[in-house]
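Chain letters run A, B, ... following the sequence lines, proteins first and then strands; every chain starts at 1. For the numbers below, each heavy atom of this structure counts, side chains included, while hydrogens, waters and symmetry mates do not.
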2 protein chains.
Amino acid sequence: MSRMLDIAILGLLMDRDHHGYEIRSQLRERLGVSANVSFGSIYPALARLERHGSVEAVAPTESRFGALSTGSLSGERASLRALRATSGIGRRGRKVYRITDRGRQEFAELLADPTTMDDGKNFTMRMALAKYLTPTLRVALLERRRTDLVSRLAEVRAGAANTELDSYARSVMEHAAQAVELDLAWIDSLLTTERSNHNNFAQDAK
Amino acid sequence: MSRMLDIAILGLLMDRDHHGYEIRSQLRERLGVSANVSFGSIYPALARLERHGSVEAVAPTESRFGALSTGSLSGERASLRALRATSGIGRRGRKVYRITDRGRQEFAELLADPTTMDDGKNFTMRMALAKYLTPTLRVALLERRRTDLVSRLAEVRAGAANTELDSYARSVMEHAAQAVELDLAWIDSLLTTERSNHNNFAQDAK
DNA sequence: GTTCGATATATCGAATTGATATGATGAGTC
DNA sequence: GACTCATCATATCAATTCGATATATCGAAC
């Protein structure tokens, strides 16, 4: 598989530690994913990454659950909680993960790998993590995306011009064309920025 | 599951017969799906629908493969082909499907069912098939989508204003905001059209 | 004539989904 | 203080979808 979720999780953990529930909201709020990624994807992915040694669970120090900070709980409840925390049976509460050195290395390789195809969602995730790419790889990523968008634009424009379609289907294709045009303008502005940065650097180096 | 692929396939077959390979391109060209749907989804979905009695395979009359139209083939090759066609072993070529009455009924129910959530891709498919919905259901679909987009817009605008994000992640969120704004404008124009049609109809009915 | 890209079905393991179960916490409210 | 209720949080399941791969035909180009 393309392992885009692995890249996204590792990318989020590059910044700071996270627990599973939080990763879902971060995907939306920081990586621009518009659909909710299922917990049925996230928890198995974290388990997979932990087995692989790319992430490790850390003690939930600032957890709201396992903290046992003040003596506000009854003795009975506290001991029950301690038992659960120790035994691991029925344990609930945050499980915070940290990226390992191995995870950091794996992240760099996965993010840079151009063979994992980039549909819209994947490209968005990658671009939101682009600060971890070299300028060259960033430009390559943008140009690959640009090529895809140009051919998709031709396709949706043909659809919008297809008189066999009813007005709803045609409206969908017209809107798709506008959306692709917006995407293309964005890519082009990013490419311009990359190239001007590159020129600045070249000038500085002189 | 949400069975969006089933809806899409049945919707395409409402218009005319299709074979599996063709359905993939039609999803892009007529229903506005921007990613290629895997054949590993399409062929099992067709088999499922056939088992369920919603579609049926028709003789590949105009197939390029099984046609046997002119005598341009050598006797040996023709007999080999006939053998394959009869035995079903190693048979290749188009397998064209037609929607059944049962399929038509199922399609109407699935398309109208509001419990199947509408992320971007699903909404696009449904909207491209909106001519099969009643005006009331069309407006309900558009309003549900509008609600989702409004809350998503707030989320991405917050992301774009988040100074903790690096310039790439922030650019992603800014572009996401623009994309949602474009989507919203589209939805609103469709709603306006629906309502003016409704008014026209009400006037006509007077 | 033979190589190559497009057409076409099929199948597999792995990943993802949507639903559901279970429980903790915090904020009201009576 | 006891009560509801929304939110937080992990976990698991069958069904679905993906990405890769295998196989084979056709048309065109060389």
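Taking the side chain of B:His19 as heavy atoms from C-beta on, and the options D:dC8, C:dT17, C:dA8, the nearest nucleotide is C:dA8. The side chain of A:Tyr43 approaches D:dT10 more closely than any other nucleotide in the set D:dC18, D:dT10, C:dA8.
Taking atom NZ of residue A:Lys121 and atom P of nucleotide D:dT17, one finds them 14 Å apart after rounding to whole Å. Atom CG of B:Asn36 and atom P of D:dG19 are 10 Å apart (whole Å). The nearest whole Å value for the distance from the CD1 atom in A:Ile7 to the C1' atom in C:dA15 is 14 Å. When the P atom of D:dT17 is taken as reference, atom CD1 of B:Ile23 falls 13 Å away, rounded to whole Å. Atom C1' of nucleotide C:dT16 and atom CD1 of A:Ile42 are separated by 11 Å, given to the nearest angstrom. Between the CD atom of A:Gln26 and the C1' atom of D:dC8 there is a distance of 15 Å, rounded to whole Å. The nearest whole Å value for the distance from the NZ atom in A:Lys95 to the P atom in C:dG23 is 17 Å. Straight-line distance from the CD atom of A:Glu50 to the C1' atom of D:dT10: 13 Å, rounded to whole Å.
Dashed line: the shortest gap from a side-chain N or O of A:Arg94 to OP1 or OP2 of D:dA11 is not under 4.0 Å. Between B:Ser38 and the phosphate of D:dT17, there is no side-chain N or O to OP1/OP2 separation shorter than 4.0 Å.
Mapping B:Ala45 and B:Phe39 onto DNA chain D via the closest heavy atom, the residue that lands nearer the 5' end is B:Ala45. Taking the nucleotide of DNA chain D with the nearest heavy atom to each of B:Pro44 and A:Tyr21, the more 5' of the two is matched to A:Tyr21.
To the nearest 0.5 angstrom, B:His18 atom NE2 is 6.5 Å from B:Arg30 atom CZ. B:Asp101 contributes atom CG, which lies 11.0 Å from atom OG of B:Ser54 (distance to the nearest 0.5 angstrom). In this structure, B:Leu191 CG and B:Ser196 OG are separated by 11.0 Å, a value rounded to the nearest 0.5 Å.
Contacts of A:Gly20 with the nucleic acid, taken as non-hydrogen atoms under 4.0 Å apart, involve only primed sugar atoms and P, OP1 or OP2. Note on A:Arg24: nothing from the nucleic acid sits closer than 4.0 angstrom, heavy atoms only.
Under the 30°/60° scheme for interplanar angles, the aromatic rings of A:Trp186 and B:His175 are found to lie parallel. The aromatic rings of A:Tyr21 and A:Phe39 sit parallel to each other, their planes meeting at less than 30°, with 60° as the upper class boundary.
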